[in-house]
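For reference, the structure is listed below as structure tokens.
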2 protein chains.
Amino acid sequence: MPRLKGADRRTQILEAAERVILHKGLAAATTRDVTSDLGVAAGLLAHYFSWSALRAAAFSRVVVADIDQSVTGRSRDAPDTVLSDLVDGAFSAEADALWRLWLEATEMGASDALLAEAASEATDRWHGALSDLLARGHSDGVWTCPTPHESSWRIIAILLGLAGLCLIPGSPLSRDAATHHLRIAVRHECGLSA
Amino acid sequence: MPRLKGADRRTQILEAAERVILHKGLAAATTRDVTSDLGVAAGLLAHYFSWSALRAAAFSRVVVADIDQSVTGRSRDAPDTVLSDLVDGAFSAEADALWRLWLEATEMGASDALLAEAASEATDRWHGALSDLLARGHSDGVWTCPTPHESSWRIIAILLGLAGLCLIPGSPLSRDAATHHLRIAVRHECGLSA
DNA sequence: GACTTTGTTGAGCGATCGCTCAATTGAGCA
DNA sequence: TGCTCAATTGAGCGATCGCTCAACAAAGTC
């Protein structure tokens, strides 16, 4: 393991923190999880980050990367395709970890200012990305969505709500049922398409 | 402080636990919070409950009491009045603690089987109560809701999702905006009434 | 009053957490 | 080669947690 310059080590720790919180969640993740993932001593982490700052930064990066991949980065694809893919993949097993992070960031934001700020910014980013997508489909004539900024909030809310309901072990709401309800809600917000 | 018989002490501890989790949240609450609320020694709690069992039981009681008060217990009131009151009070400041408990139970349910079961049962109860209300309004001709069991899931989901968005400190979504979005969603599920 | 049963006490155990810090290592440079 | 200093180590501090358990106190029973 070669010795690294400060900036490189910082990004390396950040990426390890992303892996750890995706695997264990924001609340269960510890500084030792991150340092042992990298194979370095426990004391090294505090040399570069406070735990709360690292945790919030890792959360931001994970969420922003997901939004970019599923919405922002697909600005050249047809709006209905992007939205349809969003609905189809919303409650897949791979998405669980991401929804869990959202719930945890919301809750822990009550006592962690950095996490609250990260969650607030991520929410803004998500709302903006989805609003743009809805507006694009409207102006392209793909669907009818006269108030994309409003519809975006409702879709995000039902998405988060259904995700939370699915996450409960032994939940009475299956993933398929959640996808069904999300599709109906999205269709309503976008006229009859998607 | 007179010595209590076992059953009385159990309910007394349960009620104290309800107060504590409403005030501090499920994750931040400790056994010492409960015993100091009652003014008894720390060791007494473990004589009656394990902490995880007490926490799950207290969560169940708080949530069930709220559902009964706002929905189930108002079966003699007009359905549109009940639903309207539900929307109006959904994101009041007093409701914050309850929504926080929902989010925490969902998240902690991943590693706490008792809490997962309590959350699952509470979800069932909520879905049943809201389904009944929607069906009653439909059969009374107050509104049109042909599939109350389905609509109930969507309303619960958007309710939980909007609540989570409001809970983030510095959230871009205000309580008034959340109430607005909930009202629109409910109106859509119930035809044009409510 | 002697004895059993049950409720209650509170110091403290064992585990976990983020973080500290003196000691050590090694790359860059004269 | 000797020097400097940032990078790294890892034992351990201090705080917190749920929970244990020997000791004690008050009813109930005879």
Side-chain angles (χ1 to χ4, degrees), chain A residues 1-21 23-59 104-105 107-115 118, chain B residues 1-21 23-59 104-105 107-115 118:
Chain A
M1 185 68 66
R3 169 178 287 222
L4 295 181
K5 299 199 73 172
D8 292 335
R9 189 59 103 181
R10 282 184 72 89
T11 68
Q12 195 188 38
I13 292 176
L14 250 173
E15 290 165 359
E18 293 180 46
R19 287 191 296 271
V20 168
I21 66 173
H23 184 251
K24 297 194 61 176
L26 280 172
T30 68
T31 57
R32 285 170 173 85
D33 289 330
V34 176
T35 54
S36 76
D37 176 284
L38 288 173
V40 298
L44 189 60
L45 192 145
H47 186 68
Y48 292 94
F49 295 95
S50 75
W51 177 228
S52 65
L54 176 60
R55 194 172 45 186
F59 168 77
E104 291 185 309
E107 173 212 325
M108 297 170 69
S111 58
D112 183 329
L114 294 175
L115 214 40
Chain B
M1 185 68 69
R3 168 178 286 219
L4 296 180
K5 298 197 76 170
D8 292 336
R9 188 60 104 181
R10 281 184 73 89
T11 68
Q12 195 188 37
I13 291 176
L14 250 173
E15 288 165 0
E18 292 180 47
R19 288 192 295 272
V20 168
I21 67 173
H23 184 251
K24 298 194 62 176
L26 280 172
T30 69
T31 56
R32 284 169 174 85
D33 289 331
V34 177
T35 53
S36 75
D37 176 286
L38 287 174
V40 299
L44 189 61
L45 191 145
H47 186 68
Y48 291 94
F49 297 95
S50 76
W51 177 227
S52 65
L54 175 59
R55 194 172 45 186
F59 168 77
E104 290 184 309
E107 174 212 324
M108 298 171 68
S111 57
D112 183 329
L114 294 175
L115 214 39

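Given the structure is predicted, the values throughout are model-derived calculations rather than measurements. Scope of the values below: all heavy atoms of this structure, side chains included, with no hydrogens, waters or symmetry mates. First the proteins, then the strands, lettered A, B, ... as listed; each starts at 1.
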Requested in this report: Kindly compute the distance separating CZ (A/R19) from NZ (A/K24), expressed to the nearest 0.5 Å.
Outcome: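 Answer for the CZ-NZ pair, A/R19 versus A/K24, is 14.5 Å.
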Requested in this report: To the nearest 0.5 angstrom, please state how far the CG atom of A/D37 sits from the CZ atom of A/R32.
Outcome: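 One finds 15.5 Å between CG of A/D37 and CZ of A/R32.
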Check whether any side-chain heavy atom of [X] lies under 4.5 Å from a side-chain heavy atom of [Y], and answer yes or no.
X: A/R9; Y: A/L44; answer: yes
X: A/F49; Y: A/T31; answer: no
X: A/R55; Y: A/D112; answer: yes

Consider the side chain of [X], meaning its heavy atoms from C-beta on, and name the nucleotide among [options] that approaches it most closely.
X: A/W51; options: C/dC17, C/dC19, D/dA7; value: C/dC19
X: B/V40; options: C/dT9, D/dT8, C/dG7; value: C/dT9
X: B/A41; options: D/dG10, D/dC17, C/dT9; value: C/dT9

Requested in this report: Could you pick out which residue, B/H47 or B/A42, lies toward the 5' side of DNA chain C when each is mapped onto its nearest nucleotide?
Outcome: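 Between the two, 5'-proximity favours B/H47.
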Requested in this report: Please figure out whether A/D33 or A/G43 has its closest DNA chain C nucleotide nearer the 5' end.
Outcome: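 Looking at the nearest nucleotide for each, A/D33 comes out on the 5' side.
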Quick one: [X] [atom1] to [N] [atom2], roughly how many Å, whole number?
X: B/F49; N: C/dT8; atom1: CZ; atom2: P; answer: 13 Å
X: B/L44; N: D/dG18; atom1: CG; atom2: P; answer: 15 Å
X: B/R10; N: C/dT8; atom1: CZ; atom2: C1'; answer: 16 Å
X: B/L45; N: C/dG10; atom1: CG; atom2: P; answer: 15 Å
X: A/I13; N: C/dC19; atom1: CD1; atom2: P; answer: 13 Å
X: A/M108; N: C/dC17; atom1: CE; atom2: P; answer: 13 Å

Query raised in the report: If you find the nucleotide of DNA chain D closest to A/R32 and the one closest to B/T31, which residue's nucleotide is nearer the 5' end?
Result: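 So the residue in question is A/R32.
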Under 4.0 Å between any heavy atoms, over every strand shown, what does [X] touch: base, sugar-phosphate, or nothing? Just pick one.
X: A/A28; result: nothing
X: A/A27; result: nothing
X: A/Y48; result: sugar-phosphate

Query raised in the report: Within the pair B/R9 and C/dT8, is there a side-chain N or O less than 4.0 Å away from OP1 or OP2?
Result: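 True: B/R9 side-chain N/O within range (under 4.0 Å) of C/dT8 OP1/OP2.
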